[in-house]
Amino acid sequence: MMLLKSYQSMHAPYTQEPPLMTEDMHEERMQAVEAFGDSFNFSAQLEKDILTSDMSAFKAANPDAIFEDFIRWHSPGDWEADDDPESSGSTSPNALDINKSKDSWPPRGRLSKRMSDHGNLWRNIWNKAPALPASEQKPLLDPNREGEKVLHYLETLQPHQLLEQMVSTAFRAAADTISQTSYGELNQMETKIQQLYPTMASALRPLQVNRLSADSETIEDLKRLCVVFEHVEKLLTVAASLHRKLIRAPRLSREIFNDYYNFYIPRMGTGLTEEVVEKEFDKKQEIRDNEREVLSNMFVPPTANQSWRKVLSMGNLLNGHEPILREIIFSLHDKVSGNHYAARSGSVSQQDIETYRMYICGTSNDLRVALSVASCD
């Protein structure tokens, strides 16, 4: 693109990024627009700082530029170019075309009606904007001012408004955490998580307009929402576990979850109290030949260290995991007359059995005797 007056190449300047706008800042602007009346003029006034920054950077990069050059670069829709039938047939950028374009310079065109009106705000800003690169301009976002506004907001925040924001944020954070869990290609879970957001929005929306009370229906809706989260979390726990353990057997993972889903959904309920279901999930699935290796790899043989621990332990092991509690019984067929626990009358025969019971808690490397009893049977 070339400048209209000087026929020099136009340089696109470095400009400042528009300041971030939070939800409350956007709402504040919308309220100001409604109060001001003329939304267009007010919106242009709100963008004055950004326009001034862009125009200053453009002037610094293109000292010979005019207002029309800025419009052609910044807002091409506001530049109406005239059709030139003589030049429309030639599209090759050779030296002859450039010479022809120099002869017909400047190109025919005009500003749009919006930009050519008398007293246009953009032209007024252009006339007043200094030529400054973005690195020397005042930042568009004043962190001190925004920080003071945040402190003022927190100091004047009503308790019920704070509660509404805390509750809404907690539910949204929980829903986002759930949605980030990897559970494979399970359409039922996808549907449940998608339904969670509109359900959450409908339950939390009354918090923004109502003041809560102990007997409010909003409280009951929040309790029901907690129950919904509980059900989704239970399903997600099973789905994520199956996906992680059977990632190489996706069909088996889907079939098991489908069975569990069909078993669990009718028993979920929608009340505030969860229904007690005595029946256990005992559905079985047939394993295909290509899935047998995946399941067998879940039960890894114990290592040498685990085998040694198995010898030391006093209980059955499963993959090196020891029981937490044990009861060990020693029976001794021997003379018991001189024993502390033997009967003092001496009537006990040598064939009587002396039994020791020890209740031990811990592992093979950390054995703690909780109770030791000896008796004569």
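Since the structure is predicted, the reported quantities are computational estimates derived from the model, not experimental observations. If you read the sequence from its start, that first residue is 1, and numbering goes on from there.
- Atom OG1 of residue Thr15 and atom CD1 of residue Ile50 lie 10.0 Å apart, to the nearest 0.5 angstrom.
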Could you walk me through whether Tyr261 and Asn187 pass the side chain to side chain donor-acceptor pair (under 3.5 Å) test, one step at a time? CA-CA 11 Å; Tyr261 184 86; Asn187 296 331; over 6 Å; no

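- Panel note: side chain Ser75, backbone Ile71; no donor-acceptor pair is recorded below 3.5 Å.
- The backbone N or O of Asp49 lies less than 3.5 Å from no partner atom in the side chain of Ser53, so there is not a single donor-acceptor pair.
- Between the side chains of Gln165 and Gln161, no donor N or O sits under 3.5 Å from an acceptor N or O.
- Residues Val227 and Lys223 form no side-chain contact, since every pair of their non-hydrogen atoms from C-beta on lies 4.5 Å or further apart.
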Decide yes or no on side-chain contact (heavy atoms from CB on, under 4.5 Å) for Val228 and Leu196, but give the supporting numbers first. CA-CA 8 Å; Val228 172; Leu196 189 61; 3.9 Å; yes

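- Residues Thr52 and Lys48 bring no donor and acceptor atom of their side chains to less than 3.5 Å of each other.
- In terms of modelled atom types and a separation under 3.5 Å, the side chain of Gln8 and the main chain of Met2 share no donor-acceptor contact.
- Of the inter-residue distances, the one linking Leu140 atom CG with Gln16 atom CD reads 4.0 Å to the nearest 0.5 angstrom.
- Judged by distance alone, the side chain of Gln137 and the main-chain N or O of Leu132 form a donor-acceptor pair under 3.5 Å.
- Interatomic distance, CD1 of Ile287 versus NZ of Lys284, reported as 11.0 Å (0.5 Å rounding).
- A cation-pi arrangement is present between Lys59 and Trp126 under the rule of less than 6.0 angstrom and at most 45 degrees off the ring axis.
- Heavy-atom neighbours of Tyr14 OH from other residues, nucleotides or ligands within 6.0 Å: at or below the threshold of 12.
- Within 6.0 Å of NZ in Lys149 there are more than 12 heavy atoms belonging to other residues, nucleotides or ligands.
- Between the side chain of Ser253 and the backbone N or O of Pro250, no donor-acceptor pair lies under 3.5 Å.
- Side-chain contact between Glu164 and Ser168 is present, with at least one heavy-atom pair separated by less than 4.5 Å.
- Of all the heavy atoms in Ala57 and Ala134, the pair that sits closest is CB-N, 4.4 Å.
- Side-chain rings of Tyr183 and Phe257 stay apart, their centers remaining 6.0 Å or farther from each other.
- The main-chain N or O of Pro143 is never found under 3.5 Å from a side-chain atom of Glu146 such that the two would form a donor-acceptor pair.
- Scanning all heavy atoms of the two residues, the minimum distance from Ala203 to Leu222 falls at O-CD2, 4.2 Å.
- Crowding of Arg251 atom CZ: a count of heavy atoms from other residues, nucleotides or ligands under 6.0 Å exceeding 12.
- In this structure, His74 and Phe70 have parallel ring planes: the angle between them is below the 30° cut-off, well short of the 60° mark.
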Any chance you could lay out the side-chain contact (heavy atoms from CB on, under 4.5 Å) test for Asn127 and Phe67, step after step, and finish with the verdict? CA-CA 8 Å; Asn127 295 334; Phe67 177 66; over 6 Å; no

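- Residues Asp176 and Tyr197 meet the side-chain proximity criterion, which asks for heavy atoms closer than 4.5 Å.
- Looking at Thr169, its side chain never comes within 3.5 Å of a backbone N or O of Met166 through a donor-acceptor pair.
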Under the side-chain contact (heavy atoms from CB on, under 4.5 Å) rule, what do Met189 and Ile193 come out as? Steps first, then yes or no, please. CA-CA 6 Å; Met189 278 310 311; Ile193 293 179; 4.2 Å; yes

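- Between the side chain of Asn120 and the main chain of Arg123, a donor-acceptor pair closer than 3.5 Å is present.
- Ion pairing of Arg72 with Glu68 is absent here, as no side-chain N (NZ or NE/NH1/NH2) approaches a carboxylate O to less than 4.0 Å.
- Between the side chain of Ser202 and the backbone N or O of Thr199, at least one donor-acceptor pair lies under 3.5 Å.
- Nearest heavy atom pair, residue Val294 against residue Arg248, reads CG2-CB, 3.9 Å.
- Considering all non-hydrogen atoms of both residues, Asp69 and Asp64 come closest at OD2-O, 4.5 Å.
- Counting only N and O atoms by type, the side chains of Tyr264 and Asp259 include no donor and acceptor under 3.5 Å apart.
- Met200 and Leu225 get closest at one heavy-atom pair: CA-CD1, 4.0 Å.
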